[in-house]
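A short write-up of the structure that comes next.
Computed from a predicted structure; not experimentally measured.
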Amino acid sequence: MNAPFSAVFRTLNGTAASLSALHETLRRMEAEARTALRLNDQNRERRVCAVQDATDELLEDFAHEYDTLKGDAENLLSAAEIAMNDILDPHFHRMQPQYFSAAMQKPYNTANVCAEALIARMQKALSAIQAGAKKIKNAFLLPDAAGLIGSVSPDFRKSLYMPILDAYAHMRRCAEAIENAPAFTEKAARAHAVCTRKTRQIEAECTNRRAEILQKLKADTEAAITRTNAVLCTPPSAAIFAENAGHAPLSLGTLRIALPSGKMFTAPLTCTNLDCSVLFLTDNTAPHALFCSLALDLLKSDPAAVVHLADPAHCGNAYKDVFAAFTPSGRAEIWCSAQDFTRGIEALCRAAENTPNSMHYVFIENMEQNIPEQTLEDLIRLMRANTCVRVLVSVRKAISLPHGFQQKFPALVQNAACCTAKNNGIYISEDVFTVPPEDLPARRAAALSAVTAQVKKAAELPLNARLPHAEGWQKKSSEAGIFLPIGQSDVTRQPVTLAFTEEKPYALVIGDVNSGKSALLHTVALQIFANYTPDEVKLAIADFKEGAEFALYGASRLPAVEAVVENDDPDCAASFLRYYVSELHRRQTCFTALSAETGRLIRKYETYRAVQRETGAVSEILPRILLMIDEYQSLFEGNTETAALLSELVRKGRTYGVHLIMASQRGVSESARNTFTAELKDHFSTRLVFRCPPAAARRLFSDRAVDTGRENTGIAAAVLLKTGHALLNDEAGQTERATVSVQCFYAGDDLIGRMCSLLPRVNGTGETAWLRYNAASRAAPSALPHGEVTFGDSVCLHKDRAASDADSLKDDGLVSFTPNGTHILCTGSDLRVPASVLCSAARFAEQEGLSLHIFCAESHPLLRLCPETATVYTTLAAQREALSRQLREGQNRAVNVFLEMSAEKEFTQPLGTLRPSADAALLKNAVAHSRLSVVFERRCKIVRSELPQLLALAPIHITAVGDSENLHAALPDTAHITATAFDVPQKDSIHAYYCNRDTEKWGKIVLFQPC
């Protein structure tokens, strides 16, 4: 049934006879269709058999023809052999094999000749044989005479015998051709092909006929149902039933019709909506199962539905097991007493007088008990109003009704659709009734899942519709500040804006897991992208919870995103802040330059922008920068450097247009290891609190509001906040008046993905620095700077702007080294590290057109990585000769790689040696005069003790992780190493430390994969 509830029962009342006739019609049409299908199948089998029989007969004719021709060929061969056997000349029979073999060597063309023509050829050849035999017989000579003639004329006999044997060989060839003739095979193949084609044609015709029969049955069935509906239904478009009807929202159970034949006809019975109140007159059993089923369907299909369930006889216990899980969401209410019932009806009367936001459905079992008279009148008034309330009640007919209820009963009947319920079913007539659904647990689980999704969706305020339209896209100016709509007020439903200005430059956000913090940060990012161009606002994101929450921003290379840092390594985290502290210093230089150019005093970002706008001065564009840090708490647990860097950022950032928004679960802890001080916190004027315990909210909101003198209400309210809701206070949590309860916008994954794909097309592709957690080693890029040895990716956010002569070791995302008389020392037990450095040296040699020389033992494991262009020296004599030659030529055109030269004792120079050996001096001089030298030893201690002459020449150190002795020896004394996950060797990543011992510059690196 696909009609409103009232139409369903008007239609079904008294329709048993019409439905029975329809059922008989459908059964008759189905029987006719089955008969037609059976005849169609029989016709197919008969026609297919006829085609097969004709094919078999044709194949038999082909076989008979073939056998006949083959027999004729055999007879002709026999006749030829008889004719040759009648020749009496013994010399013929003695020379016959030799002559026959020679005859068979001659070419005979039997290709593409039909069998009949071959028979004709054999007959002609037989005639030639018989004529030749007769000629020999007539010219027969005695052996002595024949021998005498043969001695005088050797070809005499051959000229007589060869034509006979040539003809016989021709007959044999023709006979073989007849026996192997492809014509018969081709005829058989063509016959089979014709048979297959006709069989497929018959199958296709019968299949089409079958589809026509079924289509006609379907059309006739639909026509019969439509004709019946036209008689039974009001309006005619409402279908009574269909065996294959689609899913309808509300199930009334299974419709059962007792047919005159005694059989039971069943069909699903549903309705689109409850458009009226319903009164069920029962025997002694309330329609409990039907009420539960309808209530679950309403909750599942209608997000605005609220069900109220009353069971006066059992104090609501009949519904608790099924609907208790729905009550926390406010979608279901169980009235357990007369007082609950009275209060509930009064509340519904008040709701009906206002503009309704929900549809309320009241289910009452055994209503005649415990219902006050005034409450009954209110209920009847609700049923009569027919607005936002639907009432479904059951009344037992078998008991005597109370006097007050008996007087009101006619009004109940007048304002509701009346049905009879008995045996837990609904009876339209004695022959037409419904049975409630039996799968109540499954329906409850489906409804609970749907309600959970509805509640979650209702808690979301989609960001899509709040983004600017095309004419307002990226049109805002950030000169006065960054203003971002983040949600709407829970009270006034007006937009709420998060501002980053000189007066309110920084924001702190706290909240539990899944409370909405990350969604807020995504909203902030997307609102920046949509409202400001990259020249107005830049974004830098740091996520220190080892996740990939913001990975898409890094992968998309958005121009507005300067950096995405997902690595929580302490050095990486500190470098994030260190870089933006250096950005403050750089901006101060820009302020000074513009001030000198214009003669205007520039002390802050807003003045810089105003002077640019007013004077038209050509100076560097400085967008505002928003640093977004998620889980910032990990920055300040025992790391004093980050606190100092953040302190400088918050003290100076507002002056130079650099702002921060930092989020965490618990805010600032009271741990002694925490270095995020109260003084730092005071700079964050804007505070947002999502759902969290009061103790956490107290760290952001003051205990006592200065404008009320009482405890800040936000502290107690924080624990009750719904997901996506927050308390916003832009006066550092000091005052009550500044606190706003806001429902934040929600940016789904689909919107984030679409924005990240759209923005590069609008603004172009940027150069986002993306530092990933546990990033794997990558292959070296094809385009690397010339004149530099490039090792790999830095794990820190560095952008080295040092002068070219300040340090030969550079860190600008890629860690590179410019050879200028200094060389590389590589140490560590992880052989992947020297393998990667060797490949880096080989790339440098190829770029610069230098020769690559490798010195090592013959069995060294790194030899397999040597490029083909390298020259390898594995013997002591060859090594001496190569190093001496380089010194003699003195062209500084070599790149030398020394792999564990300490194994060659001739090249070592142990500590305490007064006079080095000639080979040790040779090695030192060769390293000093080469364009680049790479020295690899597993242990730095060996270099100090055995090759000390190389330490001063090789201040650039590349050291594998996992070896504390090597690290302490290779890094400067000022280096402070905190053991982290970086120091554990990884399968897919080659981790190492780099250092310039001359300048004490050092850091961490993920080396490129070896070639």
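- Between the side chains of Tyr656 and His585, no donor-acceptor pair is found at a separation under 3.5 Å.
- Within the structure, every pair that satisfies the side-chain hydrogen bond (donor to acceptor under 3.5 Å, both in side chains) test and touches residues 939-957, not counting sequence neighbours, is listed here: Arg939-Glu965.
- Side chains of Leu626 and Ile528 form a contact here, defined as non-hydrogen atoms less than 4.5 Å apart.
- Side-chain contact of Glu562 with Tyr579: a donor-acceptor pair under 3.5 Å is absent, judged by distance alone.
- Between Tyr506 and His683, the distance from one ring center to the other does not fall under 6.0 angstrom.
- With 3.5 Å as the limit, one finds a donor-acceptor pair spanning the side chains of Gln886 and Asn896.
- A donor-acceptor pair shorter than 3.5 Å cannot be found between the side chains of Arg586 and Thr589.
- Salt bridge absent: Lys517 and Asp630 never bring a charged side-chain N and a carboxylate O closer than 4.0 Å.
- A donor-acceptor contact under 3.5 angstrom links the side chains of His860 and Glu900, judged on distance only.
- Taking a cutoff of 4.0 Å between a charged side-chain nitrogen and a carboxylate oxygen, Arg832 and Asp830 qualify as a salt bridge.
- If you look at Phe982 and Tyr993, their ring centroids are closer than 6.0 Å.
- Qualifying side-chain hydrogen bond (donor to acceptor under 3.5 Å, both in side chains) partners for Asp535, counting only residues two or more places apart in sequence or in other chains: none.
- If you take OG on Ser933 and CG on Leu950, they are separated by 8.5 Å, rounding to the nearest 0.5 Å.
- Remark: the Glu788 side chain and the Ser816 side chain contain an N/O donor-acceptor pair separated by less than 3.5 Å.
- Among pairs with a residue in residues 871-900, those fulfilling ring-ring contact (aromatic ring centres under 6.0 Å, His included) read His853-Tyr873, Phe855-Tyr873, Phe855-Phe898, at least two apart in sequence or across chains.
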